[in-house]
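Per chain, numbering begins at 1; letters A, B, ... match sequence-line order. Scope of the values below: all heavy atoms of this structure, side chains included, with no hydrogens, waters or symmetry mates. Everything quoted here is computed from the prediction, not taken from an experiment.
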Amino acid sequence: MQNQELKIYNTLTKKNEKFEPLHAPFVGMYVCGPTVYSNAHLGNCRTFVSFDIVFRYLLHCGYKVRYVRNITDAGHLENDADVGEDKIGKKAKLEQLEPMEIVQRYTVDFHNVLQLFNTLPPSIEPTATGHIIEQIEMTKTIIKNGYGYELDGTVYFDVEKFSKEYPYTQLSGRNLEELLNNTRDLGGQNEKKGRLDFALWIKAKPEHIMHWPSPWGEGFPGWHIECSAMSSKYLGSEFDIHGGGMDLIPTHHTNEIAQNIACHHKAPARYWIHTNMLTVNGQKMSKSLGNSFLPHELFTGNHSLLERGYSPMTVRFFMLQAHYRSTLDFSNEALQAAEKGFVRLMNAMKLIGDLKTSNVSTFNIQQLTSNMYAALNDDFNTPIALAHLFDAVRIINSVNDGKETITQEDKNILQKLMNDFVFDIFGLKEENTQNSNKIDGLMELIFDIRNQAKANKDFRTSDGIRDSLKSIGFEIKDGKEGTSYTMNN
RNA sequence: GGUCUCGUGGCCGAGUGGCUAGGCUGAGCUCUGCAAAAGCUCCUACAGCAGUUCGAAUCUGCUCGAGACCUCCA
């Protein structure tokens, strides 16, 4: 990290803090993963791309990172009022599928999508259903320590008791009294002792598909216990970084911290990193608002909000142009701008190796290097780093035009620097399949030539073009409205 | 309703007291057979009002606007 300190904005303290791992060079990082009951949408992807940058940069800095990201394949109720059916089970019955069939389908989809975005796989990707025993054990300990109580097969966390001893709302910054007074009346849930109490274990009703035996009867784990159980298991009761989307702060992460303290007498993570939301026309992209797109729709352009498709790397570049703690607003114009910028960056990357060298450099490579690291060391400020990357692009192009010069030594440094940042840290890569709309233009051109041949009654040429195209997988059709084509895969 | 955050030029988006953000777009120039690419130059900013200060996009207050959370959500 170029002898500079890495600073991370810590949601817990609301400050930029110097990053000091508990057991350097090892770093433990836990990120809340997806609930696999439907396809991951673009907003979900932003979070995982953001943490991919964190992961990659820590690796680049020489840390040995264990990155744990869970798959939520059980638990998570529909809502507080309906202590009944969990989401996985509900969707399964709807579609007449086995719950694990749903889980499998969307887990595979999630992995495919993240691979398209070129994110590195986490070190461990544990599932909630694979850690029922750990969750039960943790619940037992919380009860034993006096912070949990059972009522008719359901175990609740005693928030009011906990909050008398620990700062329950530290992460969210909420005022506890106000929370107690303003929590909506959710009805039908009067058996809890306190309004803020949340479930650690939930009694299964007869219609539930997914349930497991426990000391409190058949049931399933509550909404927050899985992350506490799995982070403790793989990273220890205290580890370095915990992350997730900002929307997890007030409930999920707040309760996770409470569970860990109630069980281990320690807060789980030292640094809490939260990513902001992706918005569409200023509104959060979410499934419930119906303004989300699936990555697949984005890549193909097959969505009412999209003028055309954009490649995964264009989208990744687009995400890197904003800081992870800012909202990022989606628009066709912004995507198109990102596409051009990305192409410009990649074109410069291709030029570096062939640059002619001279006796002197007309620019300061040390300054450039230090600028880039300074940006990332300042809470992973990718847009600033990107700005400096474009300083380098200008230099590369100028040297290529003979307007500036570079020494062999500087060229080597620059090449490594650019490779490190563009490929290793930013995780961008060359794409040669961003051509589907270019093929359209190409085909238009070919059709013009062919139509001219046809007009000249040169059918040998026109048929030859048609046959040649067919042999490489393009079937062309002469219709009344002109010529069209289909592409075979 | 409560809590919090934000409001930057045509678009996206950095920047938090004085010093160029950057990308895309538009105009002009250089280069070029033409075009493209590339380079250079330029245009449109800090929601509004008031205050603090030698000096504010940056701090304070108010007004207007937008969003998030409070309920599963990345």
Name the nucleic acid region contacted by [X], choosing base, sugar-phosphate or nothing; use a 4.0 angstrom heavy-atom cut-off, strictly under.
| X | value |
| --- | --- |
| Thr327(A) | sugar-phosphate |
| Asn276(A) | base |
| Asn381(A) | sugar-phosphate |
| Ala334(A) | sugar-phosphate |
| His323(A) | sugar-phosphate |
| Lys340(A) | sugar-phosphate |
| Leu278(A) | base |
| Asn44(A) | base |
| Gly43(A) | base |
| Thr279(A) | nothing |
| Pro250(A) | sugar-phosphate |

For [N] and [M], measure between their [atom1] atoms and round to the nearest Å.
| N | M | atom1 | answer |
| --- | --- | --- | --- |
| rU3(B) | rU71(B) | P | 16 Å |
| rG15(B) | rU8(B) | P | 14 Å |
| rG48(B) | rC11(B) | P | 15 Å |
| rU58(B) | rA45(B) | C1' | 14 Å |
| rU52(B) | rA57(B) | P | 16 Å |
| rG17(B) | rC59(B) | C1' | 8 Å |
| rA50(B) | rC29(B) | P | 43 Å |

How long is the line joining NZ of Lys15(A) and C1' of rU16(B), in whole Å?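 Roughly 17 Å, once rounded to whole Å.
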
Any side-chain N or O of Arg325(A) under 4.0 Å from OP1/OP2 of rC6(B)?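 No, outside the criterion.
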
OP1 or OP2 of rG39(B) versus the side-chain N and O atoms of Arg344(A): is any pair under 4.0 Å?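 Affirmative; the distance criterion is met.
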
Phe110(A) and Phe48(A) aromatic centres sub-6.0 Å: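 Yes, ring centres under 6.0 Å apart.
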
Minimum-distance nucleotide (side-chain atoms of Tyr37(A) versus rC12(B), rC72(B), rG23(B)):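 The closest nucleotide is rC72(B).
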
Identify which nucleotide among rG13(B), rC24(B), rC11(B) has an atom closest to any side-chain atom of Glu333(A), counting heavy atoms from C-beta outward.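 When the side chain of Glu333(A) is considered, rC11(B) is the closest of rG13(B), rC24(B), rC11(B).
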
Watson-Crick/G-U partner (both atom distances under 3.5 Å) of rU53(B):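 Result: none.
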
Partner of Phe293(A) by ring pair (Phe, Tyr, Trp, His ring centres under 6.0 Å), out of Phe330(A), Tyr310(A), Phe299(A):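 For Phe293(A), the ring pair (Phe, Tyr, Trp, His ring centres under 6.0 Å) check succeeds only for Phe330(A).
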
Determine whether a donor-acceptor pair (N or O, by modelled atom type, separation under 3.5 Å) exists between the side chain of Arg325(A) and the backbone of His274(A).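 The answer is no, because no donor-acceptor pair under 3.5 Å joins these two groups.
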
Whether the side chain of Arg46(A) engages the backbone of Met277(A) through a donor-acceptor N/O pair (distance < 3.5 Å, no angle test) should be reported.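 Here the side-chain-to-backbone pair exists.
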
Could you tell me whether Lys287(A) sits above the aromatic face of Tyr37(A), with NZ or CZ closer than 6.0 angstrom to the six-membered ring centre and within 45 degrees of the axis?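 Yes.
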
